[in-house]
Enquirer: 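Input: one structure, supplied below.
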Amino acid sequence: MHARFAPVRDCFHDLFGAGRETGAALSIWYDGAPAVDLLGGTRAVVAPGVPVPVTGAADPWRPDTLVDVYSVGKPVAALCLLMLVDRGRVDLDAPVSAYWPEFRSPATLRQVLDHTAGLPAFPVPRPADAVADWGLLCADLAAAEPEWTPGTVAGEHAWTYGHLVGEVVRRVDGRPLGRFLAEEIAGPWRLDLAFGLDAAAQARCADLSYADPDWPVRSLGEPGSLRARAMGNPAGGLDLAVLNSPLWRGAEMPAVNLHATPAALARLYAGLAAGGTLDGVRLFSPDLVGEATRVQYDGPDLVLDREVCWTLGMQREPDGSWGMAGLGGSSAWADPDRGYVFAYATARLASHDRVDDLVDVLHSCL
């Protein structure tokens with residue numbers, strides 16, 4: 001680790017000492033090169049209030065430990081579709097129905113990617129085992145009426161985003177999103193991340209746990225609200241028994257179940273920050289990266305209930321950084337102006353205060 005970032009290491013260790021973290025890893029690139037790689041704690045489920053040491057824990061976190069990073073996976077799914085845009089195989093401003101004929105909504109691919117398509121929730125209540133039925137959930141979306149006129153307002157497509165994006169990829173390319181990601185992006189850039197894990201990868205996963213048993217209820221918001229409908233269907237997306245199961249880990253729910261190491265996420269964003277090239281391998285054109293990270297929508301988000309600047313799959317902050325935070329604390333983004341890439345993955349689902357503290361310390365080191 002670069003000596004200038006020693007305060008970041010100390011802050012990371014303090015999270016465990018204060019009982020705020022139980023298992024996590026952090027990767028930072030600076031000036032185009034890896035600068036920080038930290039890990040600590042355990043991969044096992046930890047009950048609320050039980051402290052875990054940064055080193056010496058049972059079933060320790062390892063460099064190849066995978067964890068569900070929730071919405072951090074949305075930009076990864078978007079990049080699969082954007083690769084087809086870059087290759088001229090799809091048009092951003094064409095209607096989704098041009099590639100998916102059963103799709104009834106007039107929404108365009110751009111509106112899907114920037115969360116303005118008006119389909120933030122699966123329209124038919126489904127049980128937890130529906131996460132493994134790609135065709136069923138896509139058929140539900142194809143028949144759905146938008147909640148608003150596409151393009152007029154945004155609402156994070158919390159659970160639906162990956163199916164909307166992924167089904168277009170499948171219709172155009174023929175491969176499911178998980179295979180497309182593995183063969184076209186993860187493989188060439190050597191990224192340890194995936195949608196739909198095989199048994200060997202599942203054996204490397206960290207089990208998610210809650211810092212507060214009431215946190216998932218608060219996260220859903222008011223029963224019946226758009227937020228609750230967007231995040232609560234299919235059932236089980238906040239149930240640890242589902243999230244830590246082979247069903248969830250083996251399914252493709254690309255909006256919310258990317259399993260990754262932070263080292264892989266940092267490499268991904270380093271390649272994007274460099275204009276689409278990593279280790280001499282170009283996957284995206286600089287123009288495509290520029291369009292993907294440009295603000296497409298700036299205004300209220302009806303699901304998040306706050307102002308948001310959406311790009312094509314990411315959020316852009318006032319300081320010029322772009323990336324995505326996941327429910328529960330995992331995050332990944334690039335800050336081109338300050339010259340760094342940041343990726344944090346955690347198994348303890350709680351607020352983002354931990355990341356905020358790490359970033360404050362990081363900025364003090366630059």
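Keep in mind that what you see is a predicted model, and the values were worked out from it rather than measured.
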Enquirer: Mark yes or no for whether Trp148, through its side chain, and Thr116, through its backbone, hold a donor-acceptor pair below 3.5 Å.
Expert: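 Answer holds: yes.
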Enquirer: For the hydrophobic clusters of this structure (ILVMFWY residues joined by side-chain heavy atoms under 4.5 Å, transitively), does one cluster hold both Met314 and Val341?
Expert: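 Same hydrophobic cluster.
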Enquirer: Looking only at atom types and distance, does a side-chain atom of Asn233 sit under 3.5 Å from a main-chain N or O of Val124, one as donor and one as acceptor?
Expert: yes
Enquirer: Does the pair Arg171/Glu102 count as a salt bridge with the N-to-O cut at 4.0 Å?
Expert: yes
Enquirer: Would Arg62 and Asp64 pass as an ion pair if we require N to O under 4.0 Å?
Expert: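 Answer for the salt bridge query: no.
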Enquirer: How far apart are the C-alpha atoms of His259 and Asp68, what are their side-chain angles, what is the distance that settles it, and do they pass the side chain to side chain contact (heavy atoms under 4.5 Å, CB included) test?
Expert: CA-CA 4 Å; His259 287 77; Asp68 186 350; 3.6 Å; yes
Enquirer: Indicate if Val52 and Phe12 have the same hydrophobic cluster label, given that clusters are the connected sets of ILVMFWY residues with side-chain heavy-atom separations under 4.5 angstrom.
Expert: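 Unlinked, Val52 and Phe12 end up in two clusters.
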Enquirer: With hydrophobic residues grouped by side-chain heavy-atom distances under 4.5 Å, do Val131 and Val165 end up in a single group?
Expert: yes
Enquirer: Quick one: which of Tyr269, Trp333, Phe5, Trp322 gives a ring-ring contact (aromatic ring centres under 6.0 Å, His included) with Phe342?
Expert: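 Going through the options one by one, the only one that passes is Trp333.
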Enquirer: Any salt bridge linking Arg267 with Asp279? Criterion: basic side-chain nitrogen under 4.0 Å from a carboxylate oxygen.
Expert: yes
Enquirer: Quick check: do Leu81 and Val112 have side-chain heavy atoms less than 4.5 Å from each other?
Expert: no
Enquirer: Please determine whether a side-chain nitrogen of the Lys or Arg among Glu184 and Arg87 lies less than 4.0 Å from a carboxylate oxygen of the Asp or Glu.
Expert: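 Result for this pair is yes, salt bridge flagged.
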Enquirer: Looking at Arg20 and Asp357, does any basic side-chain N land under 4.0 Å from a carboxylate oxygen?
Expert: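 Here Arg20 pairs with Asp357 in a salt bridge, since their nearest N and O are under 4.0 Å apart.
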Enquirer: With clusters built from Ile, Leu, Val, Met, Phe, Trp and Tyr whose side-chain heavy atoms come within less than 4.5 Å, directly or transitively, what are the remaining members of the cluster of Leu197, listed by chain and number?
Expert: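 For the cluster that includes Leu197, the remaining residues are Leu66.
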Enquirer: Give me the ring orientation class for Phe122 and His163: parallel if the planes are under 30° apart, tilted from 30 to 60°, perpendicular past 60°.
Expert: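 Rings of Phe122 and His163: perpendicular, over 60°.
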Enquirer: Kindly say whether Gly221 contributes a backbone atom to a donor-acceptor pair with the side chain of Ser225 at under 3.5 angstrom?
Expert: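 Absent.
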Enquirer: Quick one, Leu265 and Val72 - any side-chain contact, counting heavy atoms below 4.5 Å?
Expert: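 With C-beta onward as the side chain, the pair touches.
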Enquirer: Within a 6.0 Å radius of atom CD on Glu222, are there more than 12 heavy atoms belonging to other residues, nucleotides or ligands?
Expert: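 No, the 6.0 Å shell around CD holds no more than 12 heavy atoms from other groups.
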Enquirer: Under a single-linkage definition using a 4.5 Å side-chain heavy-atom cutoff for Ile, Leu, Val, Met, Phe, Trp and Tyr, are Trp100 and Leu136 assigned to the same hydrophobic cluster?
Expert: no
Enquirer: Side-chain contact test, heavy atoms from C-beta onward, threshold under 4.5 Å: evaluate it for Leu358 versus Tyr344 and give yes or no.
Expert: yes
Enquirer: For Arg316, is there an ion pair with Asp298 - N to carboxylate O distance below 4.0 angstrom?
Expert: no
Enquirer: Using every non-hydrogen atom in the two residues, find where Leu312 and Leu92 come nearest and quote the distance to one decimal.
Expert: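 In this case the closest contact between Leu312 and Leu92 is CD1-CD1, 3.9 Å.
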Enquirer: Distance-only, no hydrogens or angles: does the Arg104 side chain make a donor-acceptor pair with backbone N or O of Ala143 under 3.5 Å?
Expert: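 Confirmed, Arg104 side chain pairs with Ala143 backbone.
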Enquirer: Check this for me: does any side-chain nitrogen of one of Asp207 and Arg249 sit under 4.0 Å from a carboxylate oxygen of the other?
Expert: yes
Enquirer: Under 4.0 Å between a Lys/Arg side-chain N and an Asp/Glu carboxylate O for Glu147 and Arg229?
Expert: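 Looking at Glu147 and Arg229, the cut-off is met.
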Enquirer: If you compare all heavy atoms of Asp239 against all heavy atoms of Tyr210, which two are closest, and at what distance to 0.1 Å?
Expert: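 Heavy atoms of Asp239 and Tyr210 come nearest at N-OH, 4.2 Å.
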